[in-house]
Structures are given as C-alpha cells and as structure tokens.
Amino acid sequence: MSEDDTGLDRKINSHNPDMHPDDFRRYGRDVVEWIADYLENPRQHQVAARCGLGELQRLLPNAGPPEGESMEAILADFEQLILPRVSHWNHPHFHAYFSISSSGPGILGELLTAALDVNAMLWKSCPAATELEQVTVAWVLDWLGLPANWFGMILDSASNAVLQAIVAARQRAEPQSRVIGPSGRLIVYVTEHTHSSVEKAAITAGIGQSNVRRIAVDSGFRMDPKCLAQTIREDIAKGYRPFFAVATVGTTSSTAIDPVIEIAAVCRANNLWLHVDGAYGGSFGLVPECRHFLNGVEQADSFVVNPHKRMMVPLDCSLLYTAHPAVLRSAFSLEAEYLKTGVENAVDFMDYGIALGRRFRALKLWFVLRYFGRSGFVVALRKSLRLAAWLGDKLAADPRFELVASPAMGLVCFRLRQGDSATNELMRRLNSSGRLFVSHTALDGRFTIRVAIGNIRTRQRDIEQLWGSIVEGLHGIDPIDA
Ligand code: PLP
C-alpha cells in the first residue's frame, strides 16, 4: 500500500504529528456510531469472553509497529481481535462480581476528558478540574445526607482510597512514621468479609499483614462490635496500638452492612480512625427508603463510595471523603520547588494523596450527575432492588435452593441444598451456557453463587430468563454432594 492509500503522508507531519482534524472527524463519527450501536444492543455481543489464556497475546505482534498504521487497520483489529475476547460488563446478563454499567453522558464526559488531557494535580494546573471536583464531590455528599463540611476528592479506586485513609490514620497515630516508618505496633481491625483492598493497604502502608485482626461476624456476616471492643482491649494489654478499623456498608460477598453506629462508638472510645467502605453500598444512600443503610456513617473519619459501581459513571471514579483533611494533607504533602504556585488557600489535590498526575474525572461525574439528576439514580437503583427481590422470592420459595443472604442491594446469594459441589456444578453450567455470567463467594465457608443485578439495561424479562436457566441447569445434578 502506498502512503497515499494509508493516509500516512497526512499523518506524519513535522509541524503537527497528530491525526489530521478531518480524519479525526471521520473516525470520531465512526467510533461514536459504533458506541451508539453497542449501547443500543449490547446483547449482540457475548456476555463473557470465551477464549484461551494467552490467545490474544499470540495473535498480536511481539513488537510494536516501527511505522504508523492506518486507523482502518486499527479499528478492524479492534473488531476482529479485541472484541471477541472482551467480557461485556455492559451486557444485561452480566451478573458476576458487582454488575455495573457505563452510560451515554459518562462516556461523552470521558471523551472530553481525554481531549482536554489536563492534569488536576494543582488548582493552578487546571482551575476548572480542581473546582469541578470540589463541586461534584459536594453534590454527592449532600445527596447522601453526610456532613457538609467533609473534604472530598476523586480517586481511581476504593483500594487507593483506603490506602490513603490508612496512611492518614497512621499519621495521626504515629506522626513520626512519616519520617522513620511505622513502629510495628499499629493494629487494623476488619472482618473476613471486609474487602481485600484493606489488607493490601495495610501491607503497602507498612502496617504488616500480621497486624490485621479479623473480628468475628454475626449470622448476617456483620462485624460484632463487642468482639471488636474485646480484641482492642487485648491488643492494648499486649502493648499494641490499635489505630484503624473498617466498617463496610455493602460487603462484596453478600452486601452485609456492619453496625456502623456501634463500631463508631468503640472506635471513638479507643481513638481509632474509622473508615467506612461504601464502595458498592454507599450509592444506595441516594434512595430514600435505603438511606438508613448509611446510619452512623456521619461519625466516620473517612468514607468511600464508587460512582463507577452503581452511579453509571464509567470506570474509574471513586470518591474519598474525610472529616480530617488537615491530617490527610500532613500525611501526603511535600514541597517540591517546581510545584509551588504561590496561590494562597487553593486546594491542590496532589497534597492530599499519592498521585501527582490526576485525571479530570470530575467532568464525567458532572455530566452523569446532571444528566440523570438524583431522581434518575433512584429509579435505576430501585429497579435493581426490585429485580433482585423477584429472583430472591423465586429462590426462597423453591426447596431446592437456600437463599444465603437477603438481596438487599441488588445482590442475590444462593446455593443448592445438595451442597458445595452441586452448587459449583450449577455455576459451571450457567456460565458455560454463554447466556449469562455469574460469580461466586464463600459464606459460612460454603460455596455460594452471587447474582449481581446492577446493569441499567437489565429488564424483568432478563431475570425471568435467568431464573429459567437456573432451573434448567439443575437437571441431572447429582443429588448427593461429593
Ligand atoms: N470495597 C468493596 C466493598 C468492594 O466491593 C470493592 C470492589 O468491588 C472494593 C472495595 C474495591 O474497589 P476498587 O475496585 O474501586 O478498588
């Protein structure tokens, strides 16, 4: 192919090596058309990728192209090589992990963020990015009915949010740790159902895995506050310094809600930093009849909620709030000459966290918050609650199944009464049918299927089909558990 055919002569331009604006318009239209078709009919794609390990790596060249390639070639490979190996989280039958979905306004906001390509590290590096971040986090805080004076910022993930929270708590408990590292006496309190990101944060912050205590849970998988208080007393008696506890609103395995009010009282009495993980469940605070899920959260020292889970914002968008911005800042700020701006009273978000370079995530959040309004989120969340309750009722009424937890936040956890291997076999059949995708967890040490219903395109008919697939999948499963 000659350069004229590929358009490379236009592409490689020493004055401006970027794509020619006319080409951008043309391919941009093609891509937006493709996205519109995709969102209109995500069912045309497979729900879970069916490919072997390493398959895509074998199909792609070992080295990057020495010369530029045409957009036609790149887009064709996207369709032929990449797409068949994508698991479609936007598919209405995607019920694995926590089912989520992006949305039109979120995708458009993301596109503009990429176009502007600003760095939200300092107010001065892009005033709009910093101030829109301040405005949007305050809007969500207000909708959730949490303290208006909390400081908020947007991060990529709840995992990094809890890492920042644990470092802030470490700073409060052992200010010298910033200079010489932690003492090795600091203790973190979680349950076996707390997200693994907390343990990872403890590892990263130098607290040490052996200093993470797992507090017993009740029959609803909620932390036992009495056991928390007792364990703290024992640790103090042994010379340790309890400093950080996590209560979860919506655990990953079963969406259990830890008793935040009681845990907060124990934390206050013992001077522990309480982090509330509402990565998944926090969004339900938007729904009036679910607002009580967040009771007690106002007493937390930090709180995280992920709009990229149930608020239709494309990955990634996680909101970290804290009642102690000065502590967060004292944990993370460093004075590098090249980053001094001389702008007094400005919030420079790089001072409140690990990352210097920060994406303009507030733009997509702002688009989504404005486009749907609070009522739009309430409608979407209520729909998932309704669908999950319908499926939960079917399972509860059928003696072959055991509903392991009440489907409180759009998550249905069940198993077969026959036992673990039968439940595992049912999941294998469901997923290998190619019609849907579910995942599993262990509750009370037993294999449990999780059906997460959170995609905005999932309808009643989809859940009826899912129920049909579950019943069909039972045929011939050995009644005796292996
Ligand atoms: N906390 C809970 C309860 C979660 O369910 C998850 C992920 O699903 C996380 C934290 C981690 O979230 P992220 O992927 O944003 O780090």
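If you're wondering where the values come from, they're calculated on a predicted model, not measured in any experiment. Throughout, residue positions are numbered sequentially from 1 according to the sequence presented. Atoms within each ligand, like the ligands themselves, are counted from 1 in listed order. These values consider heavy atoms only, across backbone and side chains, with no hydrogens, waters or symmetry-generated copies.
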### Task
Determine, using ring centers only, whether His324 and Phe151 are less than 6.0 Å apart.
no

### Query
Does atom OH of Tyr97 have more than 12 heavy-atom neighbours from other groups under 6.0 Å away?
no

Table of N or O contacts for ligand 1, cutoff 3.5 Å:
from     : atom 1 : to     : atom 2 : distance (Å)
ligand 1 : 1 (N)  : Asp277 : OD1    : 3.2
ligand 1 : 1 (N)  : Asp277 : OD2    : 2.6
ligand 1 : 5 (O)  : Thr252 : OG1    : 2.9
ligand 1 : 8 (O)  : Lys309 : NZ     : 3.0
ligand 1 : 15 (O) : Ala158 : N      : 2.8
ligand 1 : 15 (O) : Asn306 : ND2    : 2.9
ligand 1 : 16 (O) : Ala158 : N      : 3.3
ligand 1 : 16 (O) : Ser159 : N      : 2.9
ligand 1 : 16 (O) : Ser159 : OG     : 2.5

### Query
Can you pull the salt bridge (Lys or Arg N to Asp or Glu O under 4.0 Å) pairs that have at least one residue in residues 369-396, sequence neighbours excluded?
Glu289-Arg382

### Query
Please, which pairs that meet salt bridge (Lys or Arg N to Asp or Glu O under 4.0 Å) have at least one residue in residues 442-461, sequence neighbours excluded?
Glu402-Arg446, Arg459-Asp462

### Query
What heavy-atom pair brings Gly445 and Asp420 nearest, and what distance separates the two atoms?
O-OD2, 4.2 Å

Let me check something: any side-chain donor-acceptor pairs from residues 136-147 under 3.5 Å, sequence neighbours excluded? List them with distances.
from   : atom 1 : to     : atom 2 : distance (Å)
Thr136 : OG1    : Leu132 : O      : 2.8
Thr136 : OG1    : Glu133 : O      : 3.2

